[in-house]
Amino acid sequence: MAANNRRMSGKKGAQVGSGGQRRKGLEGRGPTPPAEMRKGHKKNRIANAKAKQAVRRPVARGRGGRSASELVVGRNPVVEALREGVPASTLYVQQFIDNDERVREALQLAAERGGINLMEAPRPELDRMTNGLNHQGLVLQVPPYEYAHPEDLLDAAADEGEDPLVVALDGVTDPRNLGAVVRSVSAFGGHGVVVPERRSAGMTAGAWKTSAGTAARTPVARATNLTRALEAYKKAGLTVVGLAADGEADLGDLQALEGPVVIVVGSEGKGLSRLVGETCDHRVRIPMPGGAESLNAGVAAGIVLYEAARRRG
């Protein structure tokens, strides 16, 4: 009869045990995500709308033109890019992503910097955006870089009352070398870097990272034709100095570094192209007692810029 009473009881809830459901319900769900990531929140709707507008907005062109937007893919690359201050417009986060420390750091860095839209997207959408790359649920959109015009670098020097000190890269295709040159130009008081529009490294996320943040204050100009840009610099009173392993002059003997000058650095393998080499006023070699055949663009530019800064100082 007692058993029958238990079966007929109108008492609600579990009669024997909860199967652990009550304990699970008391477990924490991790830190609360930012408002921009919470579906239905006003800030989430605003962030999504801004991101969609940025995708639809046509790319304006400055005097030196703009590059295409770029995607940084994967948890470690995204976190590193945010740590190094690489410009970013949108951080895409996969829905229902495993919330590990890299995801949390990416969200925190994006929120602290401000101006970065946070968008939650399903995995198929991120797969489509990245052409199937292993994005691990994090994708960072880097906006187009706005290049200066080669003349802008002369204007910057004039504004500071200084003789122009410019570096031009001929056939340098590694973005890390470009970033290293930008860093050296900034360190030694140069006024900018010129790269050709074709067959050259551009200001990608990799170049930004290698520049260690100096790309934010050191302009990079893009020339449609590097030879013509160098000829225009010559007409403006600059001496064009090309670095070459078989150069006629030694770096230590070059007096031109004390005045307005553009230093031309070629690729490590091929050096200066024929037309660019013929445009140079001087072809200079860097003494290397150790016997190395060549230096990469970043190291070579740093050595010459140091010598120029020492003479000017």
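To the nearest 0.5 Å, atom OG of residue Ser267 and atom CZ of residue Arg199 are 12.0 Å apart. Here the straight-line distance linking atom CZ of Arg83 with atom CG of Asn76 works out to 8.0 Å at 0.5 Å rounding. To the nearest 0.5 Å, atom CZ of residue Arg123 and atom CD of residue Gln95 are 12.5 Å apart. Leu295 contributes atom CG, which lies 9.5 Å from atom CG of Leu243 (distance to the nearest 0.5 angstrom). Rounding to the nearest 0.5 Å gives a distance of 10.5 Å between CG of Leu165 and CZ of Phe188. In this structure, Gln94 CD and Glu120 CD are separated by 9.5 Å, a value rounded to the nearest 0.5 Å.
Both Val241 and Tyr306 are members of a single hydrophobic cluster when ILVMFWY side chains are connected at heavy-atom separations under 4.5 Å. Following chains of ILVMFWY side-chain contacts shorter than 4.5 Å, one can reach Ile263 starting from Met288, so the two form part of one hydrophobic cluster.
Put simply, the side chain of Ser211 gets close to the backbone of Trp208: a donor and an acceptor are under 3.5 Å apart. The main-chain N or O of Glu151 is found under 3.5 Å from a side-chain atom of His149 such that the two form a donor-acceptor pair. Side-chain N or O atoms of Ser186 include none that pairs as donor or acceptor with a backbone N or O of Val182 at under 3.5 Å. A donor-acceptor distance shorter than 3.5 angstrom exists from the side chain of Tyr145 to the backbone of Val220, with no hydrogens or angles considered.
Shown here are the side chain to side chain contact (heavy atoms under 4.5 Å, CB included) partners of Ala244, two or more places apart in sequence or in another chain: Asp246, Arg283. By the salt bridge (Lys or Arg N to Asp or Glu O under 4.0 Å) test, Asp163 is found to be paired with no residue, residues two or more places apart in sequence or in another chain being considered. Listed by chain and residue number, Val167, Val181, Val193, Thr218, Leu305 satisfy the side chain to side chain contact (heavy atoms under 4.5 Å, CB included) test with Val185 (two or more places apart in sequence, or in another chain). Every residue meeting the side chain to side chain donor-acceptor pair (under 3.5 Å) condition with Glu307, not counting sequence neighbours, appears here in chain and number order: Arg310, Arg311. A search for salt bridge (Lys or Arg N to Asp or Glu O under 4.0 Å) contacts involving Asp98 returns nothing, not counting sequence neighbours. Remark: Leu133 pairs with Val73, Thr130 by the side chain to side chain contact (heavy atoms under 4.5 Å, CB included) rule, at least two apart or across chains. Remark: Asp170 engages Ser273 in a side chain to side chain donor-acceptor pair (under 3.5 Å) (not counting sequence neighbours). With sequence neighbours excluded, the residues that form a side chain to side chain contact (heavy atoms under 4.5 Å, CB included) with Arg128 are Glu125.
Residue pairs meeting the salt bridge (charged side-chain N to carboxylate O under 4.0 Å, His left out) criterion with at least one member in residues 186-196, sequence neighbours excluded, do not occur. Applying the salt bridge (charged side-chain N to carboxylate O under 4.0 Å, His left out) test to residues at least two apart or on different chains, the pairs with a partner in residues 172-182 are Asp174-Arg176. Residue pairs meeting the salt bridge (charged side-chain N to carboxylate O under 4.0 Å, His left out) criterion with at least one member in residues 225-235, sequence neighbours excluded, are Lys234-Asp281.
Between Met203 and Tyr147, some side-chain heavy-atom pair lies under the 4.5 Å cut-off. Inter-residue side-chain proximity for Ile116 and Leu82 is flagged as met; some heavy-atom pair is nearer than 4.5 Å. Two residues are said to be in side-chain contact when any heavy atoms from C-beta on lie closer than 4.5 Å; Val93 and Leu107 meet this criterion. The closest side-chain heavy-atom distance from Leu257 to Arg312 is not below 4.5 Å.
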### Task
Please report the C-alpha distance between Arg104 and Asn99 in whole Å, then the side-chain angles of each, then the deciding distance to 0.1 Å, and finally whether the side chain to side chain contact (heavy atoms under 4.5 Å, CB included) criterion is met.
CA-CA 7 Å; Arg104 289 193 292 271; Asn99 196 12; 3.2 Å; yes

### Task
Report the C-alpha separation of Val172 and Val195 in whole Å, then their side-chain angles, then the decisive distance to 0.1 Å, and conclude whether the side chain to side chain contact (heavy atoms under 4.5 Å, CB included) test is met.
CA-CA 8 Å; Val172 175; Val195 297; over 6 Å; no

### Task
Could you give me the CA-CA distance, side-chain angles and deciding distance for Ile303 and Leu251, then say whether side chain to side chain contact (heavy atoms under 4.5 Å, CB included) is met?
CA-CA 10 Å; Ile303 292 172; Leu251 177 62; 4.0 Å; yes

### Query
Is there a side chain to side chain contact (heavy atoms under 4.5 Å, CB included) between Glu160 and His191 once you walk through the steps?
CA-CA 10 Å; Glu160 296 174 11; His191 300 102; 3.6 Å; yes

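Scanning all heavy atoms of the two residues, the minimum distance from Pro150 to Ala221 falls at N-CB, 3.6 Å. Minimum interatomic distance between Val72 and Ala81 (heavy atoms only, all atoms of both residues): CG1-CB, 4.4 Å. What you find for Pro143 and Pro87 is that their closest heavy atoms are CD-O, 3.5 Å. For Gly266 against Ala297, the heavy-atom pair with the smallest separation is O-CB, 4.3 Å. Closest approach of Gly302 and Ser184 over heavy atoms only: CA-OG, 3.8 Å. What you find for Ala106 and Leu138 is that their closest heavy atoms are CB-CD1, 3.9 Å.
Applying the 6.0 Å contact sphere to CZ of Arg75 captures more than 12 heavy atoms from other residues, nucleotides or ligands. With a 6.0 Å radius and a threshold of 12 heavy atoms from other residues, nucleotides or ligands, Glu101 has its CD atom at or below the threshold.
Cluster note: Val262 groups with Leu153, Leu154, Val166, Val194, Leu226, Leu230, Tyr233, Leu238, Val240, Val264, Leu272, Val276 through ILVMFWY side-chain heavy atoms spaced under 4.5 Å, whether in direct contact or through intervening members.
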